[in-house]
Amino acid sequence: MTVNDWFVENQRDLPWRREGFGAWGILVSEVMLQQTPVVRVIPRLEQWLERWPTPAALAASPPGEAVRAWDRLGYPRRALRLHAAATAITEVHGGVVPSDVAQLLELPGIGDYTARAVAAFAFGLRHPVVDTNVRRVVARAILGQGEAAPASTRRDLAAMEALLPHDEPAAKVFNAGMMELGALVCTARAPRCGDCPLAGSCAWRAAGYPEYDGPRSAVQAKFEGSDRQVRGLVMAELRASDIPVTRAEIERLWPDATQLARALASLETDGLVVADDSDAYLLP
DNA sequence: GAGACGTGGAG
DNA sequence: TCTCCAAGTCT
């Protein structure tokens with residue numbers, strides 16, 4: 001069976017796939033989905049779009065409100081960048097999400113994946129879309145490897161380009177289908193090869209599922225005790241407060257004063273936190 | 001290219 | 001309990 005046929009039959013009913021969802025909604029969904037599971041994105045996305053149905057609406061709110069509404073999706077710099085992207089769309093593109101990949105890449109927080117995802121899914125343009133799912137499916141089905149090598153934009157885009165149907169609508173379905181296949185069937189942990197439309201032609205399966213022996217991506221640093229954890233605690237405190245939080249209150253969040261100061265300073269550098277004139281802290 | 005950057009669910 | 005992983009981006 002082809003990936004496209006499989007997708008038409010087996011795709012999930014996700015909000016951003018609904019007819020007429022809109023480029024802005026798709027852009028927001030793609031940013032929220034960066035490193036964050038679908039199930040956690042859906043409720044937050046719907047609240048977000050109800051409050052900010054257009055880029056101009058978001059741009060008209062303070063950036064801190066975007067950070068607050070981001071809630072616990074993680075990587076709150078994404079919220080700040082999404083706000084900055086909304087501002088750029090409003091001021092530079094007349095409030096209309098651009099369809100051009102190069103223009104999308106100019107927007108804060110929009111990288112190689114998201115730019116092409118928006119161009120392909122919101123505008124139906126034929127661009128290879130490569131995320132972690134696609135890289136894994138290609139690694140297995142085409143290259144015969146159990147895992148994808150560390151990401152390489154040039155190589156990954158070329159590999160997907162070679163597989164992409166020439167026809168524009170078919171290309172859009174194929175992009176979505178490869179991602180969906182990786183998300184539902186060709187999963188990282190325990191792939192369900194019995195349900196895979198590519199089982200008959202899969203190079204990895206044909207080779208007897210050899211163990212992956214290539215270069216591996218770096219293992220994510222331990223979270224417990226990290227600056228990331230401290231930053232997360234500070235941000236949760238600020239999100240929960242309508243008024244500036246005093247330095248003393250923040251210092252109660254973490255026993256290591258040096259590490260806390262470092263985390264707080266990095267949050268200020270990122271623009272996620274602002275200090276007022278009485279050494280209290282708040283969202284921008 | 002390596003490393004930083006949140007959060008929470010699954011096995 | 002602990003490791004892995006989830007539609008990446010930026011420096």
Side-chain angles (χ1 to χ4, degrees), chain A residues 7 11-12 14-17 25-45 67 70-82 84-85 104-122 127-137 147-157 160 172 175-184 186-191 212 215-239 259 262-263 265-267 269-273:
Chain A
F7 181 73
Q11 66 170 308
R12 289 167 292 180
L14 300 173
W16 44 90
R17 289 180 184 159
I26 288 176
L27 190 158
V28 173
S29 77
E30 292 297 348
V31 173
M32 288 186 170
L33 286 163
Q34 293 168 1
Q35 300 286 280
T36 303
V38 167
V39 288
R40 278 168 45 201
V41 164
I42 291 175
R44 191 62 55 225
L45 174 67
V67 174
W70 199 255
D71 198 41
R72 298 190 163 197
L73 285 180
Y75 292 144
R77 291 185 297 191
R78 289 184 293 167
L80 217 47
R81 289 173 182 150
L82 184 53
L104 286 163
L105 283 170
E106 295 283 323
L107 299 173
I110 308 297
D112 292 316
Y113 162 75
T114 306
R116 291 176 178 78
V118 170
F121 301 140
H127 292 285
V129 178
V130 180
D131 74 333
T132 187
N133 291 303
V134 172
R135 293 194 303 106
R136 185 172 54 248
V137 173
E147 300 176 25
S152 161
T153 300
R154 176 180 295 278
R155 176 166 45 70
D156 298 338
L157 286 176
M160 186 61 170
K172 175 177 174 176
N175 277 317
M178 289 287 277
M179 291 175 62
E180 194 76 337
L181 193 56
L184 299 182
C186 194
T187 53
R189 204 77 59 97
Y212 179 72
R216 299 213 170 219
S217 302
V219 180
Q220 193 175 58
K222 193 166 101 133
F223 178 71
E224 203 56 38
S226 68
D227 285 8
R228 295 164 77 176
Q229 181 180 19
V230 183
R231 285 169 56 106
L233 289 171
V234 172
M235 291 307 296
E237 186 75 12
L238 296 194
R239 283 196 309 266
Q259 187 179 19
R262 186 172 64 230
S266 75
L267 287 172
T269 297
D270 287 347
L272 284 165
V273 169

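Proteins come first, then strands; the chains are lettered A, B, ... in the order of their sequence lines, and each starts at number 1.
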Could you go through the side chain to side chain donor-acceptor pair (under 3.5 Å) check for A:Q34 and A:Y113 one step at a time? CA-CA 9 Å; A:Q34 293 168 1; A:Y113 162 75; over 6 Å; no
Would you say the side chain of A:L82 lies within less than 4.5 Å of the side chain of A:V28, judging by non-hydrogen atoms? yes
Heavy-atom side-chain proximity of A:V234 to A:L267 below 4.5 angstrom: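 Touching, per the 4.5 Å side-chain cut-off.
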Integer-rounded Å distance: [N] [atom2] and [X] [atom1]:
{"X": "A:W70", "N": "C:dG8", "atom1": "CH2", "atom2": "C1'", "result": "11 Å"}
{"X": "A:L105", "N": "C:dG8", "atom1": "CG", "atom2": "C1'", "result": "13 Å"}
{"X": "A:E224", "N": "C:dC4", "atom1": "CD", "atom2": "C1'", "result": "16 Å"}
{"X": "A:E106", "N": "C:dC10", "atom1": "CD", "atom2": "P", "result": "11 Å"}
{"X": "A:I42", "N": "C:dA6", "atom1": "CD1", "atom2": "P", "result": "17 Å"}
{"X": "A:D156", "N": "C:dG8", "atom1": "CG", "atom2": "C1'", "result": "13 Å"}
{"X": "A:L184", "N": "C:dA6", "atom1": "CG", "atom2": "C1'", "result": "13 Å"}
{"X": "A:L82", "N": "C:dC10", "atom1": "CG", "atom2": "C1'", "result": "16 Å"}

Per nearest nucleotide of DNA chain C, the residue lying toward the 5' end, A:L107 or A:V219, is A:V219
Scan [X] against the nucleic acid and name what it touches under 4.0 Å (heavy atoms): base, sugar-phosphate only, or nothing.
{"X": "A:T114", "value": "sugar-phosphate"}
{"X": "A:A188", "value": "sugar-phosphate"}
{"X": "A:R12", "value": "base"}
{"X": "A:R136", "value": "sugar-phosphate"}

Is it true that atom CZ of A:R72 has more than 12 heavy atoms of other residues, nucleotides or ligands lying nearer than 6.0 Å? no
Secondary structure string for DNA chain B (Watson-Crick or G-U under 3.5 angstrom, | for other-strand pairs): .||||.|||||
When the P atoms of B:dG6 and C:dT11 are considered, how many whole Å apart are they?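 The answer is 14 Å between these two P atoms.
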Would you measure the distance from the P atom in C:dA7 across to the matching atom in B:dA4 and give it in whole Å?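 Going atom to atom, P in each nucleotide, I get 23 Å.
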Establish, with yes or no, whether the OP1 or OP2 oxygen of C:dC5 is under 4.0 angstrom from a side-chain nitrogen or oxygen of A:T132.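 False: A:T132 side-chain N/O out of range (4.0 Å or more) of C:dC5 OP1/OP2.
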Please check: side-chain N/O of A:R17 versus main-chain N/O of A:R12, any donor-acceptor pairing under 3.5 Å? yes
Step by step, work out the side chain to side chain contact (heavy atoms under 4.5 Å, CB included) result for A:V230 and A:R262. CA-CA 9 Å; A:V230 183; A:R262 186 172 64 230; over 6 Å; no
Nucleotide by nucleotide, nucleotides 2-11 of chain B touches protein heavy atoms under 4.0 Å in the pattern (B base, S sugar-phosphate only, - none) ---BBBS--S
Please determine, by modelled atom types, if A:T36 and A:R78 share a side-chain donor-acceptor pair under 3.5 angstrom. yes
Set of side chain to side chain donor-acceptor pair (under 3.5 Å) partners for A:R239, sequence neighbours left out: none
Take A:R116 and A:M160 through the test side chain to side chain contact (heavy atoms under 4.5 Å, CB included) and record every step on the way to the result. CA-CA 12 Å; A:R116 291 176 178 78; A:M160 186 61 170; over 6 Å; no
Start with the C-alpha gap between A:F7 and A:M178, add the side-chain angles, then the distance that decides, and say whether side chain to side chain contact (heavy atoms under 4.5 Å, CB included) holds. CA-CA 8 Å; A:F7 181 73; A:M178 289 287 277; over 6 Å; no
